[in-house]
Amino acid sequence: MKRLKYLMLMITSLLLLLTLSACGSKPLSSQNILENDKQSKTITWGVKADTKLLGLIDVKDGKEKGFEIDLATALTKKMLGKDAKAKFVTVTSQSRIPLLKNGNIDAIIATMTITPERLKTIDFSDSYFDAGQSLLVKDDSSVKKVEDLNNKTIIGVVGSNSVENVKKFAPKAQVLQLPDYAQALTALKSGQGDALTTDNVILAGMAVNNPGYKLQGKAFTTEPYGIGINKGQDDFRKAVNKALKEVQQDGTYNKLIVKWFGNVPGFNYKEVLRK
């Protein structure tokens, strides 16, 4: 049931993308997204639905839950007022930028690292979370560090930069990339690869629900997460950055860090608190 619900969400996102692409729309560069959102009192955020602790659909009530969901809600109220609404659209690593550029969503808050390559296509807010790439392996795995993946198979997700990072440390590693984290974890469990790689905070969520698997080795990259925003929307980007500073200054940010990461084995939440 959970799997079916997630697949339906993915299909809905893809249909939205295809519909808008086919029909065309007023160019986003000629719109002021912030002013539009002020009128509707709503910001539409692209979020993950398969990433525990950050963005995950709760099968009990069908609602999105996680750190990024709560942060987006807090930012919405800072930007538009206490009665404003945060609306969520499910995205994947593959669909998030196309959905943003086509206008299906106003912003992306979905475990997306700020990179020079992505900055050619979209703008980013200031960083809202500092992650680091790591590995998820079986408890008895012979893989102790990223360099041990030479001549072994590493599992990653299409649309992320994780596999490319691993190849810098283990150039002889074989690669298996899948559409989403749920499929990647299933592949690891079925023995199709020796380790799954992505950001440590995402892997921490997987380890919590999967006894027999653990985070292995120290983080081997720095992955600053940013909120993806369309180019030409400087007013919106400035408003997001202002709201980010406010939630950090009033203590909201650290409360959310403790709420979602305070009791995760192997993850030191104090390292990501902000003053």
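In this chain, numbering begins with 1 at the start of the sequence shown.
Across Leu135 and Val143, no two heavy atoms sit closer than the pair CD1-CG1, 4.0 Å. The two residues Gly55 and Ile69 come nearest to each other via the heavy atoms CA-CG1, 4.2 Å. Minimum heavy-atom separation, Ser134 to Gly217: OG-O, 3.6 Å. Nearest heavy-atom pair across Val91 and Ala110 is CG2-CB, 3.8 Å. Across all their heavy atoms, Met79 and Ala243 have their closest contact at CG-CB, 3.8 Å. When every heavy atom of Asn150 is checked against every heavy atom of Phe169, the shortest pair comes out as ND2-O, 4.3 Å.
Distance CG/Leu56 to OG1/Thr51: 7.5 Å, rounded to 0.5 Å. Taken from CG in Asp70 to OG1 in Thr252, the straight-line distance is 10.5 Å, to the nearest 0.5 Å. Taken from CG in Asn241 to CZ in Phe236, the straight-line distance is 10.5 Å, to the nearest 0.5 Å. Between the OG atom of Ser40 and the NZ atom of Lys85 there is a distance of 10.0 Å, given to the nearest 0.5 Å. To the nearest 0.5 Å, atom CD of residue Gln248 and atom CG of residue Asp126 are 8.5 Å apart. The line from NZ of Lys238 to OG of Ser125 is 14.5 Å long, rounded to the nearest 0.5 Å.
Tested against Phe129, the residues Tyr269, Phe261, Trp260 include a single ring-ring contact (aromatic ring centres under 6.0 Å, His included) partner, Phe261.
A continuous path of hydrophobic side-chain contacts links Val247 to Leu256 [ILVMFWY only; heavy atoms under 4.5 Å]. Put simply, Leu196 and Leu54 are part of the same group of oily side chains (I, L, V, M, F, W, Y) that touch within less than 4.5 Å, one to the next. No path of Ile, Leu, Val, Met, Phe, Trp and Tyr side chains, each step under 4.5 Å between heavy atoms, connects Tyr225 with Phe220, placing them in separate hydrophobic clusters. Val163 and Tyr181 sit in two unconnected hydrophobic clusters of ILVMFWY residues. Membership requires side-chain heavy atoms under 4.5 Å apart, directly or through other members. Taken together through direct or relayed side-chain contacts under 4.5 Å among Ile, Leu, Val, Met, Phe, Trp and Tyr, Ile155 and Val166 form parts of separate hydrophobic clusters.
Atom CD of Glu147 has more than 12 neighbouring heavy atoms from other residues, nucleotides or ligands inside a 6.0 Å radius. In the displayed structure, Lys167 atom NZ is contacted under 6.0 Å by more than 12 heavy atoms of other residues, nucleotides or ligands. In Lys41, the NZ atom is crowded: over 12 heavy atoms of neighbouring residues, nucleotides or ligands sit closer than 6.0 Å. For NZ of Lys87, the number of neighbouring non-hydrogen atoms (other residues, nucleotides, ligands) closer than 6.0 Å is 12 at most.
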> Would Arg237 and Phe124 satisfy side chain to side chain contact (heavy atoms under 4.5 Å, CB included), going step by step from the backbone distance to the final call?
Replying inline: CA-CA 7 Å; Arg237 180 177 52 81; Phe124 280 96; over 6 Å; no
>> Working note: Leu119 + Thr115, criterion side chain to side chain contact (heavy atoms under 4.5 Å, CB included); need CA distance, chi angles, decisive distance, verdict.
In response: CA-CA 6 Å; Leu119 282 168; Thr115 67; over 6 Å; no
> Thr113 and Asp199: side chain to side chain contact (heavy atoms under 4.5 Å, CB included), yes or no, with the steps?
Replying inline: CA-CA 9 Å; Thr113 304; Asp199 302 334; 4.1 Å; yes
>> Test side chain to side chain contact (heavy atoms under 4.5 Å, CB included) on Gln31 and Asn36; report intermediate values, then the result.
In response: CA-CA 8 Å; Gln31 301 181 41; Asn36 291 348; 3.3 Å; yes
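Using a 3.5 Å distance cut-off with no hydrogens or angles, the side chains of Glu223 and Thr221 do pair a donor with an acceptor. Side-chain contact of Thr73 with Thr76: a donor-acceptor pair under 3.5 Å is absent, judged by distance alone. Side-chain atoms of Glu68 and Tyr128 form a donor-acceptor pair, as typed in the model, at a separation below 3.5 Å. Gln133 and Asn165 form a side-chain donor-acceptor contact under 3.5 Å, judged by distance and modelled atom types alone. Judged purely by distance below 3.5 Å, without hydrogens or angles, the side chains of Asp180 and Gln183 pair a donor atom with an acceptor atom.
Taking the side chain as every heavy atom from C-beta outward, Asp130 and Arg274 approach each other to under 4.5 Å. Within the 4.5 Å cutoff, no side-chain heavy atoms of Lys52 are placed close to those of Met206. The closest side-chain heavy-atom distance from Ile122 to Ile229 is not below 4.5 Å. By the 4.5 Å heavy-atom criterion applied to side chains, Asn230 and Lys101 are counted as neighbours. Contact of the Leu75 side chain with the Ile227 side chain is registered, since non-hydrogen atoms from C-beta on lie closer than 4.5 Å. Put simply, the side chain of Glu35 does not reach to within 4.5 Å of the side chain of Ile33, judged on heavy atoms. Residues Gln177 and Val175 have side chains in contact (heavy-atom distance under 4.5 Å, counting atoms from C-beta outward). Within the 4.5 Å cutoff, no side-chain heavy atoms of Asp83 are placed close to those of Lys77.
Within the 3.5 Å criterion, the main-chain N or O of Ser141 finds a donor-acceptor partner in the side chain of Lys144. Although no hydrogens or angles enter the test, the distance criterion places a donor-acceptor pair under 3.5 Å between the side chain of Asp106 and the main chain of Thr44. Between the side chain of Asn102 and the backbone N or O of Asn104 there is no donor-acceptor pair closer than 3.5 Å. Within the 3.5 Å criterion, the main-chain N or O of Ile43 finds no donor-acceptor partner in the side chain of Asp37.
Under 4.0 Å is where a charged nitrogen must lie from a carboxylate oxygen, and between Asp123 and Lys231 at least one such pair does. Between Lys65 and Asp58, at least one side-chain nitrogen of the basic residue sits less than 4.0 Å from a carboxylate oxygen of the acidic one, meeting the salt-bridge criterion. The existence of a salt bridge linking Lys242 and Glu246 is confirmed by a sub-4.0 Å separation between a basic side-chain nitrogen and an acidic carboxylate oxygen.
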Could you pull out all donor-acceptor pairs under 3.5 Å where a side-chain atom in residues 184-195 meets a protein atom, sequence neighbours excluded?
unit_1	atom_1	unit_2	atom_2	d
Thr186	OG1	Ala182	O	3.0
Lys189	NZ	Asn210	OD1	2.4
Ser190	OG	Thr186	O	3.2
Ser190	OG	Ala187	O	3.0
Ser190	OG	Gln192	NE2	3.0
Asp194	OD2	Thr153	N	2.8

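Judged as a ring pair (Phe, Tyr, Trp, His ring centres under 6.0 Å), and not counting sequence neighbours, the contacts of Tyr253 are Phe67.
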